[in-house]
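First comes the structure, then the notes that go with it.
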2 protein chains.
Amino acid sequence: MTDLPRPRRTQAERSDLMRKRLLEATLQSLAEDGYAGSTLSSIVRRAGVSRGAQVHHYPNKQALMLDAAEDLLRRTYRQLGEMLLSIKDEDDRLARLVDAAWDQVFSTPLFNAYSELLIASLRDPDLAEALKARLKRVQGVYAPAVEHYFEPINASKADLHAMFVQLSFFLVGLATQAHLMNDRAWVQSHLGLWVRQAALIMRARKGVRQPPPRPEAWPRKDDTVDR
Amino acid sequence: MTDLPRPRRTQAERSDLMRKRLLEATLQSLAEDGYAGSTLSSIVRRAGVSRGAQVHHYPNKQALMLDAAEDLLRRTYRQLGEMLLSIKDEDDRLARLVDAAWDQVFSTPLFNAYSELLIASLRDPDLAEALKARLKRVQGVYAPAVEHYFEPINASKADLHAMFVQLSFFLVGLATQAHLMNDRAWVQSHLGLWVRQAALIMRARKGVRQPPPRPEAWPRKDDTVDR
DNA sequence: GATTTTACATACAGTCCGGACGGTATCCGT
DNA sequence: ACGGATACCGTCCGGACTGTATGTAAAATC
């Protein structure tokens with residue numbers, strides 16, 4: 001018995017894996033059961049770990065939620081970056097971008113988790129602060145990409161960017177109310193309207209063959225939480 | 001003692017008053033403490049009534065929340081109607097309308113209650129159904145008013161209406177995230193962008209002196225809740 | 001290899017929530 | 001005026017949740 005069937009794992013490996021499982025379960029739980037419905041017991045059950053593991057890594061519920069929010073925005077950051085890289089140089093670049101944003105980000109169950117955290121942050125200043133800080137970073141993803149792909153016509157650069165900010169808010173509103181609305185076609189038609197309106201003040205840059213500047217990696221956090 | 005200091009109230013009066021107090025407290029509580037934080041005890045405490053009164057009028061929490069949602073949309077319906085009636089025939093009618101919608105509806109604490117109900121309805125089909133039905137009625141308020149005040153230019157009537165639907169979603173997204181953003185000026189500039197974009201496909205009708213058709217009164221509900 | 005630190009597990013304590021229930025006051029039809 | 005219906009009150013109970021305290025195995029340190 002030189003090698004045990006269970007390989008020896010280092011402490012850091014164990015911790016990272018455990019946190020990953022907890023965060024994954026937390027985000028799933030947020031999406032399915034909502035913020036209030038995401039009880040520590042249910043999260044732990046979903047993750048298939050014990051209650052003690054969670055309490056070891058996160059002293060209280062808020063700490064877990066803060067880290068989950070961080071993780072969620074990190075994922076979104078990455079996903080948005082990949083989506084932008086996947087946009088090809090086509091005539092209907094604007095429409096493709098909007099569709100991709102809706103399909104790959106805002107209409108996903110993961111975004112429900114964001115909605116929950118967003119509403120919860122109305123009454124949790126720490127959570128609000130975390131979301132605010134990380135949101136800025138996410139916005140930093142597509143701000144350069146916007147100028148890379150599009151140029152204003154009869155409008156200022158500021159309007160160009162503002163138009164996309166408006167899009168994101170529109171998509172948030174859409175995502176939180178989509179379940180009250182009819183169907184996908186209805187959503188598509190409204191996305192189409194935005195595209196037509198946006199086309200009035202911007203156009204795709206000609207001859208863009210390179211993808212936008214690769215967004216920088218998200219810096220690892222060193223301090224876990226506030227103490 | 002011919003006249004008691006407390007005048008005799010009819011049963012219906014007592015009930016109506018009690019429900020009013022409960023609904024008022026519920027909406028306040030939703031706005032301040034959120035859906036999960038709006039416990040029956042806290043609502044009752046806020047309303048200054050006993051626990052038994054509530055349970056008499058609403059058999060469970062969901063029934064209370066359903067009625068509160070109904071009441072909230074009814075109020076919004078009324079408020080939107082009044083707002084539309086207050087719009088004067090001015091050059092910047094569009095801008096005034098948007099500002100009024102933001103100031104008088106979407107940025108108010110009452111709208112926070114709507115956000116809470118909205119998110120809660122993701123996991124409460126009954127609540128979702130109630131919101132959906134009543135939302136249609138609210139939308140019915142400004143649909144005629146839109147055509148009363150504006151006419152499309154280089155666009156279809158459908159686009160005209162869609163543009164305002166888009167506005168409402170944009171405002172919802174704005175309202176749920178405004179606390180993460182900077183300041184009022186920032187919001188104003190984005191509202192301004194929408195106005196400028198809208199002005200590209202619509203204009204105020206000339207010589208409109210009459211207010212839009214007065215929205216019909218909200219029909220009283222007869223069946224209280226599902227049994 | 002002994003000891004200290006870290007990772008994880010289980011049991012417990014205190015709190016609070018939602019719903020049920022028994023009782024009282026007020027009103028209404030007759 | 002009187003009996004039933006309606007409105008209202010205060011309390012109790014089962015359950016669930018969060019945080020804590022204690023115990024055990026594994027890994028790191030020396």
Side-chain angles (χ1 to χ4, degrees), chain A residues 1 3-23 25-26 29-30 33-68 120 123-124 126-127 224-225 227, chain B residues 1 3-23 25-26 29-30 33-68 120 123-124 126-127 224-225 227:
Chain A
M1 52 190 74
D3 265 355
L4 290 171
R6 172 180 42 73
R8 287 167 69 93
R9 289 176 305 163
T10 176
Q11 299 276 58
E13 283 173 350
R14 285 164 45 133
S15 284
D16 281 354
L17 198 83
M18 177 61 75
R19 287 184 201 224
K20 257 191 179 177
R21 296 178 71 176
L22 281 172
L23 292 181
T26 302
S29 179
L30 277 173
D33 305 331
Y35 189 89
S38 291
T39 173
L40 289 178
S41 314
S42 78
I43 291 174
V44 156
R45 198 180 321 126
R46 189 186 291 262
V49 303
S50 84
R51 186 87 169 63
Q54 169 265 312
V55 73
H56 175 69
H57 289 283
Y58 301 99
N60 52 37
K61 184 172 179 176
Q62 172 171 304
L64 174 60
M65 286 302 174
L66 280 180
D67 207 24
R123 263 157 298 274
D124 183 337
D126 290 343
L127 185 55
T224 314
V225 288
R227 16 168 197 82
Chain B
M1 49 186 76
D3 266 354
L4 289 172
R6 171 182 42 75
R8 287 170 67 92
R9 290 176 303 161
T10 176
Q11 299 275 60
E13 283 173 349
R14 286 164 41 134
S15 285
D16 281 353
L17 198 81
M18 178 59 76
R19 287 183 200 226
K20 257 192 178 177
R21 295 178 71 176
L22 281 172
L23 292 180
T26 302
S29 180
L30 277 173
D33 304 330
Y35 189 90
S38 291
T39 175
L40 290 178
S41 313
S42 77
I43 291 174
V44 158
R45 198 179 322 125
R46 190 186 291 264
V49 305
S50 84
R51 189 85 171 64
Q54 169 265 314
V55 73
H56 175 69
H57 291 281
Y58 300 99
N60 51 38
K61 185 173 179 177
Q62 171 171 306
L64 174 59
M65 287 301 175
L66 279 180
D67 207 24
R123 260 155 303 269
D124 185 336
D126 290 343
L127 185 54
T224 313
V225 286
R227 13 164 202 84

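We name chains A, B, ... by the order of the sequence lines, and we start the count at 1 in each one.
Proximity of a side-chain donor or acceptor of B/Ser38 to a complementary backbone N or O of B/Ser29 within less than 3.5 Å is detected.
Rounding to the nearest 0.5 Å gives a distance of 4.5 Å between CG of B/Asp124 and CD of B/Gln62. The line from CZ of A/Arg46 to CG of A/Leu22 is 12.5 Å long, rounded to the nearest 0.5 Å. Separation of atoms OH (B/Tyr58) and OG1 (B/Thr26) is listed at 7.5 Å; rounding is to 0.5 Å.
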| request: For nucleotides 13-20 of chain C, just jot down a letter per nucleotide in 5' to 3' order: B, S or -, based on protein non-hydrogen atoms under 4.0 Å. | output: ----SBB-
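Of all non-hydrogen atoms in A/Gly48 and A/Arg21, the two that sit nearest each other are O-NH2, 3.7 Å. Closest heavy-atom contact between B/Ala53 and B/Met18: CB-CE, 3.7 Å.
As rounded to whole Å, 12 Å separates atom P of D/dC9 from atom CD of B/Gln54. For the pair A/Tyr58 OH and C/dC8 P, the computed distance is 11 Å after rounding to whole Å. B/Arg19 has its CZ atom 13 Å from the P atom of D/dT6, to the nearest Å. B/Met18 has its CE atom 13 Å from the P atom of C/dT26, to the nearest Å. Counting to the nearest Å, the C1' atom of C/dT6 and the CG atom of A/Leu17 are 16 Å from each other.
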| Secondary structure of DNA chain D in dot-bracket form (Watson-Crick or G-U wobble, distances below 3.5 Å, | marking inter-strand pairs) | ||||||||||||||||||||||||||||||
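Proximity of A/Ser50 to the phosphate of C/dC8: no side-chain N or O atom is located under 4.0 Å from OP1 or OP2. In this model, the phosphate group of C/dC8 is not approached by any side-chain N or O of A/His56 to a distance below 4.0 Å at OP1 or OP2. Taking only side-chain nitrogens and oxygens, A/His57 never comes nearer than 4.0 Å to OP1 or OP2 of C/dT6.
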